Amino acid sequence: MWLLRSALRNPISVVVIVIGVALCSILALCECPSIFSEPEFAVIYWRNVRGMSPAQMEGYLVYYYEYHFFTSPALSR
């Protein structure tokens, strides 16, 4: 409630703060264009896995993650 009262007493301060936050947001977006840019090239990994059944392929891909999830002390609770 005190925040609302001080905002009603000093409306110019609130306007200045809002404009300052908006300007800082715009400057931050202009300074960080790499976050929103497109990658320069695509990376494609190709691995030859011929002759594997779907069950073997699933086991091959999932084994590493299952091993680490089941042996992690933080997840044992």
Side-chain angles (χ1 to χ4, degrees):
M1 196 68 174
W2 64 270
L3 187 61
L4 180 63
R5 285 186 192 146
S6 74
L8 290 173
R9 285 187 203 136
N10 303 318
I12 300 298
S13 299
V14 174
V15 170
V16 169
I17 291 172
V18 168
I19 291 172
V21 169
L23 286 176
C24 288
S25 301
I26 291 169
L27 287 174
L29 287 174
C30 290
E31 292 293 321
C32 299
S34 63
I35 295 173
F36 305 108
S37 65
E38 293 292 324
E40 294 178 13
F41 58 90
V43 177
I44 299 172
Y45 293 101
W46 181 264
R47 185 164 183 166
N48 191 2
V49 289
R50 293 181 191 155
M52 294 179 79
S53 69
Q56 288 174 327
M57 188 66 185
E58 178 188 9
Y60 177 74
L61 294 173
V62 174
Y63 171 76
Y64 176 80
Y65 297 105
E66 284 182 348
Y67 172 77
H68 288 289
F69 285 142
F70 289 137
T71 58
S72 175
L75 298 175
S76 64
R77 292 188 230 163

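Just so we're clear, the structure is a prediction, and the values are computed from it rather than from any experiment. Just so you know, residue 1 is the first one in the sequence shown, and it goes up from there.
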- Inter-residue atom distance E66.CD - Y63.OH, 0.5 Å rounding: 9.5 Å
- Message: Which residue in the set V16, I17, V15 passes side chain to side chain contact (heavy atoms under 4.5 Å, CB included) when paired with I19?
- Response: V15
- Query: More than 12 foreign heavy atoms under 6.0 Å from CD of Q56: is that the case here?
  - Reply: yes
- Partners of Y65 by ring-ring contact (aromatic ring centres under 6.0 Å, His included), sequence neighbours excluded? none
